[in-house]
Amino acid sequence: MRSKLNRLIITAFCFPVVFFLGSCNKQLSPLLNNPSVPSTSAASPDLYLNNLQLAFKNFFQNATDITDQMTRQEIMYGPTYYNAFAPTSFDGIWQTAYESVMLTANTMIPISESKGETIHAGIAQVLKAYTMITLVDLFGDIPYSQALHGVAVPNPVVDKGAAVYDSAEALLDSAIANFAIKASANPSNDLFYGGSAKNWTRLANSLLLKAYIQTRLVDNSVTAKIAALVTANNLVTSASQDFVFGYSTHSQAPDARNSHYVGNYGTDNGAGDYIGTWFMWELADAKGFQDPRTRYYLYRQCTDVYSDPRTASQTTRQFAIPCLYRTDPYAPGVPYCLVDNGYWGRDHGNNEGIPPDNSLRTTWGLYPAGGAFDYDQNLAIGQSTGRESGAGGGGINPIWLSSFTYFLEAEAALILGTPGDPKALTISGVDASINKVAGFPAAIGYKLPTSDTTMLITATNTAKYENAVGTQYSAASTTAAKLNIIETEYYLAAWGNGLETYNNYRRTGCPNNFQPTLDPNPGLFIRSFFYPSVYANFNKNAVQKTTTNVKVFWDNNPDNFVY
Amino acid sequence: MRRLHCWLMGICLLMGLGLFGQTSPVTGRVTDPSGTPIPNATIRIKGVKGGTSADANGSFKIKAAGNATLVVSAVGYEQAEIPIDHRTAVTLMLRPSNLALSEVVVTALGVRRDKKILGYSVTTVGKQDVELRPEEDVTRILQGKTPGVDILATSGISGSGTNISIRGISTISGGPSTPLFIVDGVPFDASSNVNNNFQYGGGISASSRFLDLDPNDIESVSVLKGLAAATIYGEAGRNGVILVTTKGGSGRKTNKKMEITGSQSIFTNKVANLPDYTSKYGGGFDLAPSAAFSNWGPLFTNPPLQVAYSPSLVAAFPQLYSGKTQDFKNYANNVSGFFRTGLLSTTSVNVATSGQNSTFNANYTYLSDDGFTPNNRVYKNNFGLGGTAKLANNFSANAVLNFAITDMQTPTVGANGGGGSADVASVFGDLIFTPRSVNLIGLPFQNPVDGSSVYYRNGNDIENPLWTAANDVSSDKTYRTFGTFGLKYDIMKGLSVNYRFGLDFYQEYQTLDVNKGGKQGGAAYVGGLYRTTNIQNSIINNTAFVQYSTPFAKNFQLDAQAGFDFRHDHYNQNGLKSTQQIVFGLFDHSNFISHDIYDEGGGDLDYRSEEIREGVFGQATIGYKEWIYLTGTARNDWVSTLEPAHRQQLYPGISMSFIPTSAISALEGSKTVNYLKLRLSYATSAHFPTPYNTRPYINLSTNAFVDKGGNVINIASIPSQVPNPDLKPELITEEEAGIEGRFFDSRVSIDLTGYFRTAKNQILNRQLDASTGYSYTTINAGAVDNKGIEASLTVTPIRSKDWTWDLTGNFYLNRSKVHDLPVDIKQIELNGGGYSNRGGFAINGKPLGILEGSYTLVDPKSGKKEVDNNGYYLGAPDIAVIGDPTPRYKLTGISTLTWKYISFRIQVDYTHGGAMWSNTARTMLARGVTKDTDFDRTLPYTIPNTVKQDGTPNDIQQSVDNIYFNSYGFGPDGESVWDATVIRLREASLSFSMPAKMLKNTPFGAASLSISGTNLWYLAPYFPKYTRFDPEVNSLGITNAKGLDFFAGPSSRRLGASLRLSF
């Protein structure tokens, strides 16, 4: 009895051992697949394209936020160019560019092409090309031919910027070819052009124009290419063809509002950004009368610092805007600290502590952020009642506008002698820009809170402005002075796109009267940014820059060309 | 001499006795040589089954024949055989056992083994060192008591997690090195279910799940430090094993009058360290008064300056503050008044009984700990039931079932930048550097109409810390069941089969409740936020093994175990985050407009994971006499996290124990060398990756964007990880040598261990430059060595009838080194190691977890630091090593002085070295709030011993507040690293045990009272003096990286008393 029981028990214990050894792999292998995520076959070109478009929007937003600090549109804290940006500031843009935009494009282009979804493929090619060009414009030489191969090439070496440009131009050509084919299906969500192959073709051509003019200093073969593009005239030349990313007013889960809106109007904490003093002066004062776009571009939370009860006492004022009580470090005529008592920003390279002015300083207006139109309401921004919340953040990113095309054509006509009258093209650019801004409230479905024509863009003040530009242009005696007028107008039209102004500045040195940095010895202007920390620290072949004046391949201007 | 007498007498008497005699009652008392009664001694009659045990006074009664011999034994004493010699009353005297030969410890698989056999180091902590402590977290109680074990609290928040690592960190990118917890023989999940990045409060606000253990239900804790000890447990034991035996699982026999034990403790919980704030200067900058974050305003004057109330306060309470002014004076208690005196109360009842063949134990403990921070508290309910039974049919059974409800809540403690930044919610972030002239405590913090935060800033752009404490609260409630059922069958003498089923199951509910009206955390927070996460975790474990032990040949003994182990882990989590609260104060998803499945940091709140680990193992020990023991161990595992070709790993080990005091006849009975043991072992263990690293997949996100037309955009993205199907297990090897000894009549005892551990071909999360298209991949590469010394020395300078004085010193040092990282890898950021430009890294040739950050450029010619054109430190654009956070060594001294029934114990911990980047300390300097910056602030200042960029001496004068703000405080990271050496009076206690005499006529079997305190005093001498910073924090939470503080908050000091009664 006892021994029988023994045997039974021994069997009972040994059985599972045998069973378990036998069943080992059978029950373990199914657990290799993550139950929370789909396998790679689940992705469609449409879902990839959606990701690509949103990633591209983030990439652009990130790029413009860095570059508009260089051209005095937003504040660069500095105080010197050397310590204006830590390399980690660029980690996000680098990751978005490679991991989200370019890798997704590389993954979806072959799938889309094999399915005959040529518009999908073309869009991916255009967005990828734009990203490549922009990375070169920001950082100079970047990994490209060895990039995006995963662990097969864990430390991609850099390609020359010129080579990356060439690849991007070829990619734009491929995109144009794709757009010419009748697609088997339209994208289910084209957030830019609603699936219009025609508009995408115009954009691709315009980006080629941009690339050619960008390289005009180092490549004299571009003149003919530009002339051909201008003659063919299949470019972005009207507002309906503008390449913009449109936001909505959806505020949570997800927050689909313009990021400048979120960062300034999103809470009751007031503005997070500072607008550059010089940019505001250029709009409000430089021509002797106010640019008709000013009240669309900028919103003053405090229209007059001296009469406003919030800053009426000198103690409060001293505290909120301390620069008023410091010696003006600039030469006469250079704007400093405060423009017209209400345009309250910050000077280039001012890194002192931030005063409690979040609810007082000037901030992003209606265009392009979807913020508030400035009709002297003199209210702090925010989300609660009693605060000015503007158009709810349903703004845009102006990535390529028809005005930009005109200004580039003007520059090419002036410098390279390509077809067209530089003055007329400049005026066309100004006109396109002002019309874009004037039509903006309607375009985003926002009803302006005022009909006061002294504040709105009207035919009269548009004409006045365009005449003034025309007079200035005619009065300019040298090519350099004419170029400065073209670029200054481009600069004013490009609000919300720091990339173009930063590129133009390095290429042409214009506008040529920027406010200098507050520090009299800021070091050399940033001709290309430091490499991102993730690249410098994780790529064995990376060599970080040690100076700020490492020039991009298309920039052969001298070190002190810009400041 | 006296002993000899005794023996001779016994032998003489024995010889003169007849073989049989009538049984008659004998009463007696068991005492030690000094006459002090020995409670609970076991008394049986030689050659007869059964027996009795003495009561708490050492008294017993037994029926025995007059010629019988009594066999008396008690823990800690040598067994004695004493003839009755027809007496009816006897006094039995036992000698304390001065040999450690009889010490028994719990080892792997819950097998009790003689400690002398073990070829590796085991530290055992008994219940007397664990219970009645002012601490709910058992690991924090172990601090300093076990050399080789590094325990670091994340913060002073009650219920916050605790980092624990044994013999250093062996992994670069594996998860936290928390050891394996085995409770009553079965695995117990000890992870921390952080569902948010440390930046958003995931680090400090999350508990470690060993918080669910009840220190008062613990019988003993054994710490198996080395791999030789833990191999049997498989890869889960690679970070060491903490074996907890609960009272229910112990099977310990109990006496009458000890069947019910009740205890009650009350402790206060206070903030231990607040900075010494300046009383001279108030808020502002450049000596001008203002509502700045900084305290660089003017000197306080008498009468005080008058300043306006903030617009938000006036708007909220126009009738009270409109048009009025307030004093610009030193509101001395504005920070200290924020904190409260918390109360920690523990009530515990234990019922135990035992029969001839069975034991039963039930335990219930209720703990409530109100932290020193408002709205921080922990409630714990622990039930434990356990029993053992030896059945007549050769079966033995044991079962333990524990149920724990742990309920923790705290205001959010995020990684605040000290910049008054509104990006991250943190209750300490905006509190600790409050300018002195801010009347935080005396003014309202909430708008009575809409509930929003009201504070001193003109733009009302920082959140009132009182508002945060009341309105931004995370909570974590866990219902946990864990237990074991074991069955053992003795087939024949020496051979048994064992089966053990283990279950650990918990449901954890985490919430984050943020009312609308706050100021920090961005748009999602200020509109109100509610996040709920439900977690289910289960570990099911089946173990079966055969145990065989037999003597063989002459003088040889074999002990062997072999069996298999099957562990199945399931983790399942669902969550929902809602934003845009409608009704203030109500937290229900229906009260929020928007719903989302991503947490604040963007992490997915819904996911599952499942893992199976199967293992077969064997272990055999051969002993020769009591001289030498040799143990061989091997285990082979199969895991579900690797592809079939690589999923199996065998790892063997061998260890030896040699006892010269038994083997060398000259040492036998030596008064100088009472006991000596040498240990030597070589062992290996494995490390398997977490699930889902080998197969490609894509990420789908729904609702990624909503366009103007209301179209919802869904996306597919390529994950940032490159899967690696060739991933292999990692093998860890360790050599260990040690010596244990007792000398001079056991007045001196030592335990010394040296170890060398190396983990090669690490399972490495290799960060990739994004230009590869990916952020990281998992590969096998790189190695981490850890070598160290663990030493324990106990000296008993006084041992007399009434007085005993024991002094124990524990010493621990560990050095780690990273090597063999592939040549194309510059450095790897530790998992959870901070930020890519400031955190813990692995670099070839450097200690693991070395801190890197931005640093000040140094002029190569003069070797001096450079300043920029403003006279501030000039930061380099890249990062470099700024410090090694690993302490040089740790030392603990414990003194226990006992006089009769009173015992006084103190424990002092000393940590030497280790660097820390402290945001708290640097912000104190940057903002001029402490006495460190009490100098004359009107004089301009030039940073001494620096040069300008052209190499000439720095002569740039700056205002002193600008220098402190831009250079000493918020300058390059390298300027904010301090030596974290700290000495601490960890514990002091005075206990009184009621003498048995006094309890004689009471129903009580034992009564004791103790008064104790923790963290009574500390000094971190290298931090700026008046910041009084306590470096024993880790803002990163439960992770392998250390040395970073982002306003982790102050530490806690607890003082109180405990009463315990048994009857």
Side-chain angles (χ1 to χ4, degrees), chain A residues 6 9 13 17 24-25 28 31-40 43 47-48 50-51 54 79-80 83 87-88 94-95 98-99 103 143 147-148 150-151 154-156 189 191 246 248 250 252-254 256 262 266-267 269-270 319 356 358-359 519 521 530 533-535 537-540 544, chain B residues 285 290-291 422 457-459 461 489 491 497 519 523 526 544 564 566 579-580 594-596 607-608 610 612 614 638 640 644 692 694-698 700 703-708 713 715-718 720 722 767-774 777 824 826-827 836-837 868-870 875 877-878:
Chain A
N6 282 354
I9 286 161
F13 278 106
V17 178
C24 203
N25 281 346
L28 299 185
L31 302 187
L32 285 164
N33 293 315
N34 189 338
S36 312
V37 292
S39 71
T40 45
L47 289 172
Y48 277 136
N50 287 348
N51 182 40
L54 294 179
T80 63
N83 51 25
T88 45
W94 191 259
Q95 284 169 329
Y98 282 102
E99 292 186 35
L103 183 64
L148 305 169
V151 287
N155 296 290
N189 299 103
L191 299 169
S248 71
H250 204 273
Q252 291 290 319
V262 176
T267 66
N269 290 355
F319 197 59
N358 308 61
S359 299
D519 187 315
N521 300 303
F530 287 133
S533 165
V534 286
Y535 168 71
N537 293 336
F538 298 146
N539 187 329
K540 195 78 176 177
Q544 181 61 283
Chain B
F285 215 83
S290 70
R457 293 272 293 175
N458 287 339
D461 54 353
Y489 180 68
I491 297 166
V497 283
K519 298 291 159 194
V526 302
F564 74 94
F566 180 94
T579 46
Q580 297 181 295
S594 302
H595 309 286
D596 203 349
Y607 61 95
R608 285 174 282 167
E610 187 179 354
I612 293 178
E614 299 170 341
W638 292 263
S640 67
Y692 318 128
T694 64
R695 303 231 167 142
Y697 62 96
I698 57 163
L700 279 185
N703 212 18
F705 188 76
V706 176
D707 73 9
K708 217 163 30 192
I713 310 298
I715 62 172
S717 57
I718 297 151
S720 53
V722 186
Q767 283 119 346
L768 294 167
D769 165 20
S771 73
T772 61
Y774 301 87
T777 185
D824 58 347
K826 269 186 186 175
Q827 57 207 337
S836 69
N837 64 335
D868 64 15
N869 300 332
N870 287 320
D878 55 348

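Predicted, not measured: the structure shown is a model, and the values here were computed from it. By convention in this document, chain letters (A, B, ...) are assigned in the order of the sequence lines, proteins followed by strands, and residues within each chain are numbered from 1.
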Handout entry: Approximate separation, where rounding is to 0.5 Å, of A/Leu103 CG and B/Ser717 OG
Key = 10.0 Å
Handout entry: Shortest non-hydrogen contact from A/Leu28 toward B/Trp638
Key = CD1-CB, 3.8 Å
Practice task
Please tell me if the side chains of B/Ser640 and A/Leu32 come closer than 4.5 Å, counting only heavy atoms from C-beta onward.
Solution key: no
Problem - Which atoms of B/Asn703 approach chain A - backbone, side chain, both or neither, heavy atom under 4.5 Å - result: both
Exercise for the section: Could you tell me whether the side chain of A/Ser36 and the main chain of B/Arg608 form a donor-acceptor pair under 3.5 Å? Expected result: yes
Exercise for the section: Measure B/Ser720 against the heavy atoms of chain A and call it side chain, backbone, both or neither at under 4.5 Å. Expected result: both
Fill in the blank from the handout: From the list B/Leu768, B/Asp596, B/Asn869, the residue making the most non-hydrogen contacts under 4.5 Å with chain A is B/Asn869
Exercise for the section: Start with the C-alpha gap between B/Thr579 and A/Gln252, add the side-chain angles, then the distance that decides, and say whether side-chain hydrogen bond (donor to acceptor under 3.5 Å, both in side chains) holds. Expected result: CA-CA 7 Å; B/Thr579 46; A/Gln252 291 290 319; 2.9 Å; yes
Handout entry: A/Asn539, part contacting chain B, at a heavy-atom distance under 4.5 Å
Key = both
Exercise for the section: Flag the pair A/Leu148 / B/Thr772 as yes when at least one side-chain heavy-atom distance between them is below 4.5 Å, and no otherwise. Expected result: no
Practice task
Under the ring-ring contact (aromatic ring centres under 6.0 Å, His included) rule, collect the residues that match up with B/Tyr774, sequence neighbours excluded.
Solution key: none
Practice task
Go through the atoms of B/Thr777 and report whether side chain, backbone, both or neither lie under 4.5 Å from a heavy atom of chain A.
Solution key: side chain
Handout entry: Whether A/Ser248 side chain and B/Val706 backbone form a donor-acceptor pair below 3.5 Å
Key = yes
Handout entry: Set of ring-ring contact (aromatic ring centres under 6.0 Å, His included) partners for B/Tyr697, sequence neighbours left out
Key = none
Handout entry: Any B/Leu700 side-chain heavy atom under 4.5 Å of A/Val37 side chain
Key = no
Exercise for the section: Answer with side chain, backbone, both or neither: which region of A/Asn33 has an atom nearer than 4.5 Å to a non-hydrogen atom of chain B? Expected result: both
Handout entry: Residue A/Thr88 versus chain B: region with a heavy atom under 4.5 Å
Key = side chain
Practice task
For the pair A/Asn537 (side chain) and B/Gln827 (backbone), establish whether a donor and an acceptor sit closer than 3.5 Å, ignoring hydrogens and angles.
Solution key: no
Problem - Contacting moiety of A/Phe530, where chain B heavy atoms sit under 4.5 Å - result: side chain
